Amino acid sequence: MIWHPFTPQLGAGDPLEIQRGDREYLYDVAGNEYIDAIASWWTVIHGHNHPQIVAAITEQLKKLDHAMLGGFTHEPALRLAERLLALTQGDFAKVFYSDNGSTAVEVMLKLAAQYWHNSGQKQKTRFIRFDAAYHGDTIGSMSVGGDSVFNRVFSALLFDAKSFAYKAEALHELDVYLAGNHETVAGIILEPLIAAAGGMVFQSEEVLRGIAALARKHGVLLLLDEVFTGMGRTGQMFAYQKAGIKPDLVALAKGLTGGVLPLAATLVTKEIHAAFVSEDPLKTFYHGHTMTGNPPGCAAALASLAIFDAEDTLARVRRLEINMRACWQNLAQRYSDKLADIRCLGAVSAADLVVRGEKAGYTFSKVRELKAQALAEGVILRPLGNVIYVTPPYNISDAALEKVFSAIAKILENYAI
Ligand SMILES: Cc1ncc(COP(=O)(O)O)c(C=O)c1O
């Protein structure tokens with residue numbers, strides 16, 4: 001009946017039917033317990049069914065289920081916008097709501113293009129992207145993603161975007177390219193510090209600062225996709241704050257509602273917004289999604305932000321980084337021939353499985369086997385090809401984290417290179 005996402009329609013096996021969730025655990029219909037070591041596609045940052053988020057949604061539903069944001073507003077949307085902007089300490093002035101990461105990215109791209117159009121620089125329509133990038137599955141977000149299984153089939157439908165390597169060595173090339181092409185470039189889009197779906201590829205703060213400086217130098221906008229890195233995942237509320245840079249647009253989704261309801265937001269600077277303040281109706285941003293600013297979604301996001309304060313979540317993330325690093329280092333000592341490139345930042349940790357006899361990457365042939373082995377150990381993992389990563393709820397217990405790494409140890413024990 002259901003066509004499952006990212007799932008081959010032959011030979012994928014039956015999906016596991018989940019019945020309930022509690023903290024870092026999911027339970028199937030037979031009552032089996034699984035540790036959600038990837039926080040359900042990087043969303044449930046405070047664990048499943050956090051009582052404060054559940055209560056906030058329930059209370060909100062007693063008052064207002066939904067009201068469209070075209071011509072109307074409501075308290076949860078207003079309060080959330082206020083909270084988000086306060087967290088950016090004045091870097092941003094407006095919040096444009098949508099429903100998922102891909103749409104938050106589309107909004108960034110379209111706002112950037114129309115900003116230049118409204119400012120009388122209509123030729124600035126092109127974007128610069130990075131080769132490890134994944135920004136979503138809509139046509140625009142695929143166009144600015146790196147070449148991958150996610151967008152290759154659709155290459156004829158995508159707009160052209162100049163791609164650079166996601167590493168320090170590309171900075172000079174980017175500088176040279178922008179010197180010659182800045183007049184047609186609207187902006188640079190990237191996932192700051194970690195290209196997630198591209199294989200948990202890490203980038204230093206210094207490179208991020210370098211890219212931001214080039215964007216400024218050449219007069220192009222900096223669009224940061226913080227759908228994954230935002231909401232505390234790197235140990236600071238937003239990854240850009242870690243690098244001390246000032247982007248022009250930021251996309252948020254996933255953990256925004258604590259992963260409980262679909263809600264996304266694009267943060268917009270005062271300068272960009274100013275280009276849309278006009279008597280000319282054609283300078284309006286004619287873009288919107290039906291469920292934009294959904295009240296229960298906003299209430300969930302407000303509750304999630306309150307949890308950050310009440311549970312000192314960012315400190316937890318920093319402790320989690322230390323714990324996960326120790327766990328990986330322990331594995332590296334035992335399986336040094338099988339593991340490479342261990343990397344940890346905040347609530348994200350990953351390592352590459354050493355591969356021989358086939359190409360490393362997303363189509364690595366043993367992925368299904370790895371997932372099944374983890375599940376048999378009561379742990380949900382979803383390797384990106386030969387990249388095994390752990391991105392648990394930020395408040396995962398020490399005992400559960402230990403169990404996750406015991407499962408990875410078992411996988412490594414059985415893994416024949
Ligand atoms: C960095 C990044 N951007 C955008 C997206 C797309 O988000 P969504 O799946 O909510 O459309 C993802 C999803 O994994 C992501 O990791």
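What you are looking at is a predicted structure, and each value in this text was computed from that prediction instead of being measured.
Enclosure of atom CD in Gln123 by more than 12 non-hydrogen atoms of other residues, nucleotides or ligands within 6.0 angstrom is indicated. Around the CZ atom of Phe72, the shell of radius 6.0 Å holds no more than 12 heavy atoms that belong to other residues, nucleotides or ligands. Around CD of Gln121, the count of heavy atoms belonging to other residues, nucleotides or ligands within 6.0 Å exceeds 12. The number of heavy-atom neighbours closer than 6.0 Å to CD of Glu17, taken from other residues, nucleotides and ligands shown, is 12 or below. Surrounding NE2 of His74 are more than 12 heavy atoms belonging to other residues, nucleotides or ligands, all under 6.0 Å away. Shown here is Lys371, whose NZ atom has more than 12 heavy atoms of other residues, nucleotides or ligands within 6.0 Å.
Side-chain N/O atoms of Tyr34 and Asp28 include a donor and acceptor closer than 3.5 Å. No side-chain N or O of Thr103 forms a donor-acceptor pair with one of Glu106 less than 3.5 Å apart. For the residue pair His218/Asn181, the side-chain donor-acceptor check at 3.5 Å is not satisfied.
Pairing each heavy atom of Ala253 with each of Ala264, the nearest pair is CB-CB, 3.8 Å. What you find for Ala407 and Glu377 is that their closest heavy atoms are CB-CB, 3.7 Å. Minimum heavy-atom separation, Ala275 to Tyr115: CB-CD1, 3.5 Å. Ala93 and Leu85 get closest at one heavy-atom pair: O-CD1, 3.4 Å. Nearest heavy-atom pair, Pro393 versus Asp36, reported as atom, atom and distance to 0.1 Å: CD-O, 3.3 Å. Between Ala113 and Phe127, the shortest heavy-atom contact is N-CZ, 4.4 Å.
No salt bridge links Arg79 with Glu82; every basic N to acidic carboxylate O contact stays at or beyond 4.0 Å. Remark: Arg216 engages Asp248 in a salt bridge, criterion side-chain N to carboxylate O under 4.0 Å. Salt bridge status for Arg343 with Asp352: present, with a side-chain N to carboxylate O gap under 4.0 Å. Salt bridge Arg209/Glu205: present, at least one basic N to carboxylate O contact under 4.0 Å.
Of the possible donor and acceptor atoms, none in the side chain of Glu191 sits under 3.5 Å from a partner among the backbone N and O of His135. The backbone N or O of Lys410 lies less than 3.5 Å from no partner atom in the side chain of Gln373, so there is not a single donor-acceptor pair. A distance-only check finds no donor-acceptor pair linking the side chain of Thr313 to the backbone of Asp309 [under 3.5 Å]. When atom types are taken as modelled, the side chain of Tyr240 and the backbone of Glu226 share no donor-acceptor pair closer than 3.5 angstrom. The closest donor-acceptor contact from the side chain of Tyr394 to the backbone of Arg233 lies under 3.5 Å. A donor-acceptor pair is defined here as one N or O able to donate and one able to accept, closer than 3.5 Å; no such pair exists between the side chain of Arg129 and the backbone of Ser163. Trp42 places no side-chain N or O within 3.5 Å of a backbone atom of Phe228 that could act as its donor or acceptor partner. The backbone N or O of Ser148 sits nowhere less than 3.5 Å from a side-chain atom of Tyr362 that would complete a donor-acceptor pair. A donor-acceptor pair is defined here as one N or O able to donate and one able to accept, closer than 3.5 Å; such a pair exists between the side chain of Lys124 and the backbone of Val185. A distance-only check finds no donor-acceptor pair linking the side chain of Lys94 to the backbone of His273 [under 3.5 Å].
Put simply, the side chain of Trp116 does not reach to within 4.5 Å of the side chain of Thr125, judged on heavy atoms. Inter-residue side-chain proximity for Ile45 and Ser304 is flagged as met; some heavy-atom pair is nearer than 4.5 Å. You'll find the side chain of Asp175 reaches within 4.5 Å of the side chain of Lys217, heavy atoms only. Counting only heavy atoms from C-beta outward, the side chains of Lys242 and Pro192 never approach each other to under 4.5 Å. Contact annotation: the side chain of Pro76 approaches that of Gln60 to within less than 4.5 Å [non-hydrogen atoms, C-beta and beyond]. Phe92 places none of its side-chain heavy atoms less than 4.5 Å from the side chain of Leu84. The shortest side-chain heavy-atom distance between Ile211 and Leu171 falls under the 4.5 Å cut-off. With contacts defined as side-chain heavy-atom distances shorter than 4.5 Å, the pair Asp99/Asn294 does not qualify.
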Steps toward side chain to side chain contact (heavy atoms under 4.5 Å, CB included) verdict (Leu381, Ile408): CA-CA 9 Å; Leu381 290 178; Ile408 298 175; 3.9 Å; yes
Pair Leu222-Ile245, side chain to side chain contact (heavy atoms under 4.5 Å, CB included): steps then yes or no: CA-CA 10 Å; Leu222 184 63; Ile245 58 166; 4.0 Å; yes
Leu249 vs Val268, side chain to side chain contact (heavy atoms under 4.5 Å, CB included): CA-CA, chis, key distance, verdict: CA-CA 5 Å; Leu249 293 156; Val268 186; 4.0 Å; yes
Derivation and outcome, side chain to side chain contact (heavy atoms under 4.5 Å, CB included), residues Phe154 and Asp137: CA-CA 10 Å; Phe154 308 103; Asp137 293 331; over 6 Å; no
Steps toward ring pair (Phe, Tyr, Trp, His ring centres under 6.0 Å) verdict (His287, His289): CA-CA 7 Å; His287 181 112; His289 299 281; 4.7 Å; yes
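One finds the CD1 atom of Ile272 at 4.5 Å from the CG atom of Leu221 (value rounded to the nearest 0.5 Å). The CG atom of Leu263 lies 5.0 Å from the CG atom of Leu256; values are rounded to the nearest 0.5 Å. Within the model, atoms CG of Asn386 and OG1 of Thr363 stand 9.5 Å from one another, a figure rounded to the nearest 0.5 Å. Atom OG1 in Thr269 sits 9.5 Å away from atom CG in Asp91 (nearest 0.5 Å). To the nearest 0.5 Å, the span separating CG on Leu214 from CZ on Phe164 amounts to 9.5 Å. One distance of note links CG of Leu69 with CZ of Phe96; it measures 9.0 Å at 0.5 Å rounding.
Tested against Ser141 for a side chain to side chain contact (heavy atoms under 4.5 Å, CB included), the candidates Val227, Val105, Asp225 yield a single pass: Val105. Paired with Arg316 under the rule side-chain hydrogen bond (donor to acceptor under 3.5 Å, both in side chains), one option of His46, Glu311, Glu321 passes, and it is Glu311. Exactly one residue among Glu33, His48, Arg20 makes a side-chain hydrogen bond (donor to acceptor under 3.5 Å, both in side chains) with Tyr27. That residue is Glu33.
Both tests do not hold together for Lys366 against Phe364: distance to the six-membered ring centre under 6.0 Å, angle to the ring axis within 45°.
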